[in-house]
Number of protein chains: 2
Amino acid sequence: MIIVIIIERVKAMQKYSKQREMILKSLKNREDHPTAEKLYLDLKKEMPEIGIATIYRNLQILTEQNEILKINGGKESDRFDGNTKKHFHFVCEKCKNLYDVFLEDDKMEQWEKWLENIAKNTIADIQTTNITINGTCKNCKKKEEEIK
Amino acid sequence: MIIVIIIERVKAMQKYSKQREMILKSLKNREDHPTAEKLYLDLKKEMPEIGIATIYRNLQILTEQNEILKINGGKESDRFDGNTKKHFHFVCEKCKNLYDVFLEDDKMEQWEKWLENIAKNTIADIQTTNITINGTCKNCKKKEEEIK
DNA sequence: TTCAATAATGATAACAATTATCATTATTAT
DNA sequence: ATAATAATGATAATTGTTATCATTATTGAA
């Protein structure tokens, strides 16, 4: 007799945690795009015992669950956005400020159609997109022109 | 008598180096988007004494001089592209592969006009752009569907 | 061509953001 | 209440990249 045991790695059941709830709530209630560090310092005020690892851990979990958006910060720290409504991000290469770029719904739809079309003609099937535009913001451009 | 000495930090004159030339030539002659590490290992074959710091240093210099493109790799390593003709990059979130997305010139122009328009209506003056699209590539999507 | 002046190099230390480890605590289903 | 186990917080480890610094290479002028 041959007994075959199949052990399947099942996704662990998620348990509630105060910390995760706080992190999510905080991101939903603010308009900016804090780094993990910034969020840590802010939440520490309400819950002094919270650890930085918990912040990172939960930010990752929430990102995977599409409850929040992770904005790749490159050399700078990553930032997190509680607003999951589709929009672009604009990062000023000079001052490192991050701006939301919301499009009217029809424009966004147009963009997505366009992107889909690009995808069809190239190698990729684009499912989720996360567009960051780099450039120089108005303030910094102004400053540059004043120097000249 | 008051003597005022104004010391102005002048941009240092750039001197030639074999290493920088090699790095640039290598990037211009390849189609992929190597990381600094990969480039280092490749160039070591031709010039065993080259150091990793030299690679990083020159990649930065060349990027600043717009001779090459630096592609922000986020948690992964940055990648470098010898092709400065405007195009997008598509990164597969699953396999981490990076694909070029070239647009016909008129499409790219259209995109830029569009972007400019977005910019006007929002906070930013977009000068240089560096668009990375994240998603799932055809191969990985196929694999996913096979599992289901 | 030789000689400063100084930019570039290569080895390696330092750094900063993030992730892994692990003993302890909290949540959950029974 | 209990047992199973997910989550926590402290901190060590990791990783990609940058800074430091003594040495070497390039350059323009004598």
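Below, read A as the first sequence line, B as the second, and so on, with proteins coming before strands; counting in each chain starts at 1. Note: hydrogens, waters and symmetry copies are ignored here, and every other heavy atom, side chains too, is used.
The side chain of B:Lys18 lies closest to D:dT26, out of D:dT17, C:dT9, D:dT26. Picking from D:dT18, C:dT9, D:dT11 the nucleotide with the shortest atom distance to the side chain of B:Tyr56 gives D:dT18.
We find that OH of A:Tyr40 is positioned 17 Å from P of C:dA16, with the value rounded to whole Å. For A:Ile55 and D:dG9, the CD1 to C1' distance is 11 Å, given to the nearest whole Å. To the nearest angstrom, C1' of C:dG10 lies 15 Å from CG of B:Leu43. For the pair A:Met13 CE and C:dA29 P, the computed distance is 6 Å after rounding to whole Å. Distance, A:Glu64 CD to C:dT19 P: 10 Å, rounded to whole Å. The distance between atom CD1 of A:Ile61 and atom C1' of D:dA6, rounded to the nearest whole Å, is 9 Å. Protein atom NZ of A:Lys70 is 5 Å distant from nucleotide atom P of C:dT19, rounded to whole Å. In this structure, the NZ atom of B:Lys15 is 11 Å from the C1' atom of D:dT24, given to the nearest Å.
Contacts between residues 19-30 of chain A and DNA chain D, defined by a heavy-atom separation below 4.0 Å, involve A:Gln19, A:Arg20, listed by number.
Using a 4.0 Å heavy-atom cutoff across all strands shown, B:Thr54 reaches at least one base atom of the nucleic acid. Contacts of A:Glu76 with the nucleic acid, taken as non-hydrogen atoms under 4.0 Å apart, are absent.
Along DNA chain C, the nucleotide nearest A:Glu37 and the nucleotide nearest A:Arg57 are compared for position; the residue whose nucleotide lies closer to the 5' end is A:Glu37. Positionally, the nearest nucleotide of DNA chain C for B:Ile50 lies more toward the 5' end than for the other of A:Arg79 and B:Ile50. The residue among B:Phe80 and B:Gln14 whose nearest nucleotide of DNA chain D lies closer to the 5′ end is B:Phe80. Residues B:Thr35 and B:Ser17 each lie close to DNA chain D; by heavy-atom proximity, the contact nearer the 5' end of the strand is made by B:Thr35.
Residues A:Leu27 and A:Leu98 fall into different hydrophobic clusters, defined by Ile, Leu, Val, Met, Phe, Trp and Tyr side chains chained together at heavy-atom separations under 4.5 Å.
Looking at A:Asp32 and A:Arg79, their side chains never come closer than 4.5 Å, going by heavy atoms from C-beta outward. Using a 4.5 Å cut-off on side-chain heavy atoms (C-beta onward), A:Leu62 and A:Ile23 make contact.
Note on residues 34-51 of chain B: pairs passing salt bridge (charged side-chain N to carboxylate O under 4.0 Å, His left out), not counting sequence neighbours, are B:Arg30-B:Asp42, B:Lys38-B:Asp42, B:Asp42-B:Lys45.
Judged by distance alone, the side chains of B:Thr54 and B:Arg57 do bring a donor and an acceptor atom under 3.5 Å apart.
A:Lys85 has a carboxylate O that lies under 4.0 Å from a charged side-chain N of A:Asp105, or vice versa, which qualifies the two as a salt bridge.
Across B:Asn83 and B:Leu69, no two heavy atoms sit closer than the pair O-CD2, 4.2 Å.
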